[in-house]
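Presented below is the structure to which this report refers.
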Amino acid sequence: MHQKLKEFSELCEAIKSCNTCKLNAIPLCGEGNLNARIMLITQSPGEKENLSHRMFVGPSGRVLDRLLRQAGMSRKEIYMTNIVKCHLPHNRKPKENEIEACSRWLEKEMELIKPEILVPLGFFAARYLFKKYDVKLPKNEEFYKIYGKLVWTGEVKIYPLQHPATLLYNPQLEGEMVRNYEKLSVLKQECKWRVVCPMTRYHREGKLDRKWIELYCKGDWESCKRYQAEEAGIPHPDNMLPDGTIDETLGYKFTTSDT
Ligand code: SF4
């Protein structure tokens, strides 16, 4: 058996035998592509997930599949898991001590899968990751503003999304959520210009902050002004940063191509 698959099976066995929180449920291990660039992290298994021992079955799973399909993606490209592995009675919210006890399993999954981008779905998963990586949390009433915004913490990239179940009771968010989920198809791969782009060279030479590479070249390259200029055949200087500003310290050279 492939080493990673073997380690994953062992981890799942350990997760399934956990009874720390005494929740009277069989803990649900994550599932999906073990080499995924993107890891979806949600709160806890629902009733259907608890009965079938599968991630995202039932109504919210159908919404997730549709959102992924609309983004031109499928479950095969991602890994999905929960912060709290056990179903919570009456679908109640997780308690702090449950999150604290159970997140060690999530940490082990992250160590094994090594995702490039963590995608928390909904409040509890996003709050957990923001706290863990010391990212400033907005006030509760402004929490929605974090959805669809890529964050580089200095260690990892986090791309928070609304939980798919949101659309079951808030259908007016359809347009916004479709747009936010569509970005996953950008995040699933690096920018095609990365190897030849001057930003890569500047970073290699120690002249460019890593955040530019993480947020754009290995993140949301679709929003990069250099990428957009390149695609449109618009001349742009080497020292133009991905957000379109000019960095005089990088030195100046005008080219019509990133090559
Ligand atoms: S700076 Fe822009 S064009 Fe260059 S590799 Fe990064 S995302 Fe692509």
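Residues take their numbers from the sequence shown, with the count starting at 1. In each ligand, atom 1 is the first atom listed, and ligand 1 is the first ligand listed.
- Within the coordination shell of atom 8 (Fe) of ligand 1, defined by N, O or S atoms under 2.8 Å, Cys217 is absent.
- Residue contact check: Tyr227 has heavy atoms under 4.0 Å from atoms 2 (Fe), 3 (S) of ligand 1.
- Between Glu47 and Asn50, every side-chain heavy-atom pair lies at or beyond the 4.5 Å cut-off.
- Counting only heavy atoms from C-beta outward, the side chains of Glu155 and Tyr133 approach each other to under 4.5 Å.
- Each of the following atoms of ligand 1 lies closer than 4.0 Å to a heavy atom of Met199: 1 (S).
- The pair Lys6-Glu10 meets the salt-bridge criterion, since a charged nitrogen lies less than 4.0 angstrom from a carboxylate oxygen.
- Ring pair Trp221/Tyr227: centre-to-centre distance below 6.0 Å.
- Taking every heavy atom of Cys197 and a limit of under 4.0 angstrom, the matching atoms of ligand 1 come to 1 (S), 4 (Fe), 5 (S).
- Residue contact annotation: Cys191 places no N/O/S atom under 2.8 Å from atom 4 (Fe) of ligand 1.
- Counting the atoms of ligand 1 from 1 in the order shown, those under 4.0 Å from a heavy atom of Arg194 are 5 (S).
- Using a 4.5 Å cut-off between side-chain heavy atoms of Ile, Leu, Val, Met, Phe, Trp and Tyr, with links allowed through other members, Leu51 and Met55 fall into different hydrophobic clusters.
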